[in-house]
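Hydrogens, waters and symmetry mates are skipped; everything else that's a heavy atom, side chains included, is used. Numbering starts at 1 and runs along the sequence shown.
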Amino acid sequence: MEFLRIERRDGVATVVMSRPDKKNAVNVEMWHELAEAFTAIERAHADRVMVLTGAGGDFCSGADLASLRGGDTLHYMADVSEAGRALHAMTIPTIAKVDGVAVGAGWNLALGCDLVVATDRARFSQIFVRRALSLDLGGSWLLPRLVGLQKAKEIAFFGDMYSAAEAADLGLVTRVVAPAELDATVDEMAQRLADGPARALSLTKQLLNAATESGSLEQALRRESQAQANNIGGEDAAEAKAAFLEKRSPVFGKHAAPGAAE
């Protein structure tokens with residue numbers, strides 16, 4: 001790929017957005033590459049966790065609208081939306097590793113991940129309104145679910161810049177660390193997830209996502225019952241039981257596709 005690097009180690013796939021001279025602003029080609037990368041990682045049985053980050057000290061400065069070059073805007077937005085759709089469709093755990101700026105669509109890429117780990121110098125903004133634009137890449141869907149409708153409107157209406165600490169106070173950053181600790185912190189979190197029970201983590205993610213999207217408690221209980229039956233019949237649950245009885249740490253298999261029947 002021209003604008004992405006994909007690095008793999010011990011079940012963790014790291015996607016690095018690489019246009020550092022543009023603070024990793026996403027051009028037309030990179031939107032295609034992101035959608036392709038998310039889809040390929042989701043389908044790869046060996047990839048149990050995805051980390052999304054940016055090269056050169058910044059996460060992502062948003063969409064590079066200059067790359068439109070007079071093209072059809074609706075067609076362009078279809079590409080943007082496809083990347084967001086592919087990210088949200090991932091059933092494996094995902095972590096945004098954020099340094100520098102994460103603004104506009106860049107912030108929404110981070111919010112589309114399950115966890116956001118940021119340095120204390122990271123900065124965030126739903127900058128769209130300052131460019132006479134409205135939210136995209138799922139921001140209008142994600143923000144109200146994460147912070148509530150009124151706070152989402154404040155964030156979107158003013159397009160202010162938030163520090164990592166302020167974003168964490170709003171529940172939009174999972175963990176804030178010093179820049180020197182970012183790599184080690186994300187590596188440790190990602191490896192814990194990669195070493196965990198893939199099916200149970202995948203189904204837990206899907207249950208939590210479904211609960212925030214729609215439905216009643218009764219529907220949630222029904223989904224939980226189906227998921228737990230799926231878990232109990234799998235190899236990871238058998239290994240967890242054996243490890244408990246043998247008083248040792250479980251070693252979960254690396255071969256089963258997350259959430260898939262064996």
Side-chain angles (χ1 to χ4, degrees), residues 17 19 22-28 30-31 34-35 38 52-54 57-68 70-89 94-176 208-215:
M17 295 176 282
R19 294 185 76 208
K22 301 289 187 182
K23 295 187 176 182
N24 303 314
V26 186
N27 60 14
V28 172
M30 199 199 294
W31 285 122
L34 284 168
F38 297 151
L52 179 63
T53 192
D58 286 291
F59 183 75
C60 177
S61 59
D64 182 0
L65 296 180
S67 68
L68 269 172
D72 178 62
T73 304
L74 282 177
H75 187 271
Y76 169 79
M77 287 309 304
D79 293 337
V80 175
S81 297
E82 185 56 32
R85 191 177 295 111
L87 176 59
H88 184 74
T94 56
I95 304 173
K97 176 178 165 182
V98 181
D99 195 12
V101 298
V103 300
W107 193 4
N108 291 336
L109 275 171
L111 293 179
C113 294
D114 301 312
L115 304 171
V116 180
V117 182
T119 68
D120 52 20
R121 66 188 178 194
R123 295 171 294 145
F124 303 84
S125 175
Q126 294 288 332
I127 202 168
F128 299 96
V129 71
R130 298 192 175 199
R131 307 291 183 262
L133 300 171
S134 52
L135 304 182
D136 63 21
L137 201 70
S140 64
W141 187 87
L142 289 161
L143 276 175
R145 286 162 172 78
L146 292 167
V147 300
L149 180 58
Q150 191 173 76
K151 180 58 70 172
K153 288 178 178 177
E154 179 186 11
I155 293 169
F157 284 177
F158 295 103
D160 290 335
M161 193 72 74
Y162 292 83
S163 68
E166 290 169 331
D169 287 343
L170 291 169
L172 298 173
V173 166
T174 310
R175 196 175 297 183
V176 180
L208 291 171
N209 284 345
T212 62
E213 290 167 13
S214 63

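- A search for side-chain hydrogen bond (donor to acceptor under 3.5 Å, both in side chains) contacts involving Ser163 returns Glu166, not counting sequence neighbours.
- For the atom pair SG (Cys60) and CE (Met30), the distance works out to 6.5 Å, reported to the nearest 0.5 Å.
- Here Ala168 pairs with Val173, Val176 under the side chain to side chain contact (heavy atoms under 4.5 Å, CB included) rule; sequence neighbours left out.
- Taking Glu154 as the reference, Lys151 meet the salt bridge (charged side-chain N to carboxylate O under 4.0 Å, His left out) condition, with sequence neighbours excluded.
- For Lys153, there are no side-chain hydrogen bond (donor to acceptor under 3.5 Å, both in side chains) partners, not counting sequence neighbours.
- Among residues at least two apart or in separate chains, ring pair (Phe, Tyr, Trp, His ring centres under 6.0 Å) pairs with a member in residues 127-165 are His88-Trp141.
- Taking 4.5 Å as the limit, every side-chain heavy atom of Arg85 sits out of range of all side-chain heavy atoms of Phe38.
- In this structure, the side chain of Ser125 engages the main chain of Gly159 through a donor-acceptor pair within 3.5 Å.
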Next on the checklist: side chain to side chain contact (heavy atoms under 4.5 Å, CB included), that's the test. Do Val28 and Tyr76 meet it? Break it down for me.
Outcome noted: CA-CA 7 Å; Val28 172; Tyr76 169 79; 3.8 Å; yes
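- In this structure, the side chain to side chain contact (heavy atoms under 4.5 Å, CB included) partners of Thr174, at least two apart in sequence or on a different chain, are Leu115, Val116.
- Looking at residues two or more places apart in sequence or on another chain, you find no side-chain hydrogen bond (donor to acceptor under 3.5 Å, both in side chains) involving Arg131.
- The side-chain hydrogen bond (donor to acceptor under 3.5 Å, both in side chains) search around Asp160 returns Arg130, not counting sequence neighbours.
- Partners of Phe124 according to the ring-ring contact (aromatic ring centres under 6.0 Å, His included) rule, which considers only residues two or more places apart in sequence or in another chain, are Trp107.
- Residues satisfying the salt bridge (charged side-chain N to carboxylate O under 4.0 Å, His left out) test with Asp114, not counting sequence neighbours, are Lys205.
- Without hydrogens or angle criteria, Asp136 side chain to Ala105 main chain gives no donor-acceptor distance under 3.5 Å.
- For Thr53 against Lys97, the heavy-atom pair with the smallest separation is OG1-O, 2.8 Å.
- Under the salt bridge (charged side-chain N to carboxylate O under 4.0 Å, His left out) criterion, Asp99 pairs with Arg121, not counting sequence neighbours.
- When all heavy atoms of Val101 and Asp58 are compared, the pair lying nearest together is N-OD1, 2.9 Å.
- Scored by the salt bridge (charged side-chain N to carboxylate O under 4.0 Å, His left out) test, Arg19 finds Asp64 as partners (sequence neighbours excluded).
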